[in-house]
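Reckoned from all heavy atoms, side chains included, excluding hydrogens, waters and symmetry mates. Atoms within a ligand are numbered from 1 in the order they appear, just like the ligands themselves. FYI, the numbering just counts along the sequence from 1.
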Amino acid sequence: MAERSSWSLSGALRGMFQRPTIDESTWDDLEYALITADFGADVAEAIIEELHAKVDRYHTTDPRDLKRMLRETIEERLSNFDTTLKLSERPAVVLVVGVNGVGKTTTIGKFAKFIGNFGRTVVVGAADTFRAAAVDQLATWAERAGAAIVRPQHPGQDPASVAYQTVEYAQRTGTEIVIIDTAGRLHTKGGLMDELSKIKRVVEKQAPIAEVLLVLDATTGQNGVQQANAFIEHAGVTGLVLTKLDGSAKGGFVLAVQERTGLPIKLVGQGEGIGDLTGFTPHVFAEKLVGA
Ligand code: GDP
Ligand code: GDP
Ligand code: MG
């Protein structure tokens, strides 16, 4: 993960771990720190219950033990989800979905570069044909990432048709990974879900869809999950991308969002630069969150 970690709990926990022994105020401080970091009341409560049991089992009164147990508990809970990207098909088709402004197009640019770093070839498809500027934005990112792009041939072209042509391009040229950008808003939510279903239906006639990644803005926390519910219910999402973690004080959201949605986090964005995207590793994340 990047250096910036405003979402780290270490500040909020510092006082607690400076006390000589675990006492009632330790637990109060811990609960407050977890709630403030947007773990959500239910997840915070479950973690505290688990830690109480561990502290009892090991008969410890040392706050440093509690810190280690917190780190392990968070890591264990994060590891209940398979966070690895499944990109073994050729081509591997990735659909990127989510509400407007969460960071879909930016993520695709970073992701194309990320994949390119592993020596894979990438084509991106500009199937957000709803806004003309969206195509140019994706084209700029594709160029930076060294990826090919398939654009609409005329403004407002059917997004499913752009997606189709992108997969066709990959099959014709032997390009390994296809990433398709999509719109975040239409006149109605139903319209957008129908559009995404159509994209999936058309693409699946050509190649299986490897991943449907739902992008969530970490700064919006639990509200963002509410906004994204329609995608979770209708778009066949296989994984989450959390963006803007660099601007978020809510590291606990990372755990809460997996437990709330039942979906694994597969990528994390921590900045607007092309290198600011990483895979998601529970061990690394738990260590950054709680402190070593
Ligand atoms: P889209 O509407 O979902 O395609 O969102 P965009 O990709 O256009 O991004 C919306 C805004 O969020 C842009 O200003 C991006 O630069 C910004 N953004 C995206 N990802 C990140 C991130 O990880 N960190 C920060 N700080 N900004 C981001
Ligand atoms: P329809 O739009 O309701 O007729 O749905 P279809 O499933 O027939 O096609 C959906 C979209 O995929 C259409 O907008 C087509 O432009 C596109 N499509 C389907 N087959 C092809 C094809 O063979 N070539 C191209 N270029 N596009 C196709
Ligand atoms: Mg976009």
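Atoms of ligand 1 lying under 4.0 Å from any heavy atom of Gly269, numbered from 1 in the order shown and given with element: 23 (O). The distance from ligand 1 to the heavy atoms of Gln137 drops below 4.0 Å at these ligand atoms: 6 (P), 7 (O), 8 (O).
At a 4.0 Å heavy-atom cut-off, ligand 1 touches Lys110 through the side chain alone.
Within the 4.0 Å heavy-atom shell around ligand 1 one finds Gly101.
Considering backbone and side-chain N/O atoms, Arg131 never comes within less than 3.5 Å of an N/O atom of ligand 1.
Of the listed residues (Val102, Leu245, Thr243, Thr105), the one carrying the non-hydrogen atom nearest atom 4 (O) of ligand 1 is Thr105.
In terms of protein heavy-atom proximity, atom 18 (N) of ligand 1 is closest to Lys244 CE, 3.7 Å.
Using a 4.0 Å cut-off between charged side-chain N and carboxylate O, Asp62 and Lys67 make no salt bridge. Of the charged side-chain nitrogens involved, at least one lies within less than 4.0 Å of a carboxylate oxygen, so that Arg68 and Glu72 count as a salt-bridged pair. With respect to Lys104 and Asp128, no salt bridge is recorded, no charged nitrogen being found less than 4.0 Å from a carboxylate O. A salt bridge links Lys54 with Glu76; the closest basic N to acidic carboxylate O contact falls under 4.0 Å.
At a threshold of 2.8 Å, the Mg ion (ligand 3) has a backbone or side-chain N, O or S atom of Thr105 nearer than that distance.
Using a distance-only test at 3.5 Å, with no hydrogens or angles considered, a donor-acceptor pair links the side chain of Lys86 to the main chain of Thr84.
Taking CG of Asn229 as the reference point, atom CZ of Phe231 lies at 10.5 Å (rounded to 0.5 Å).
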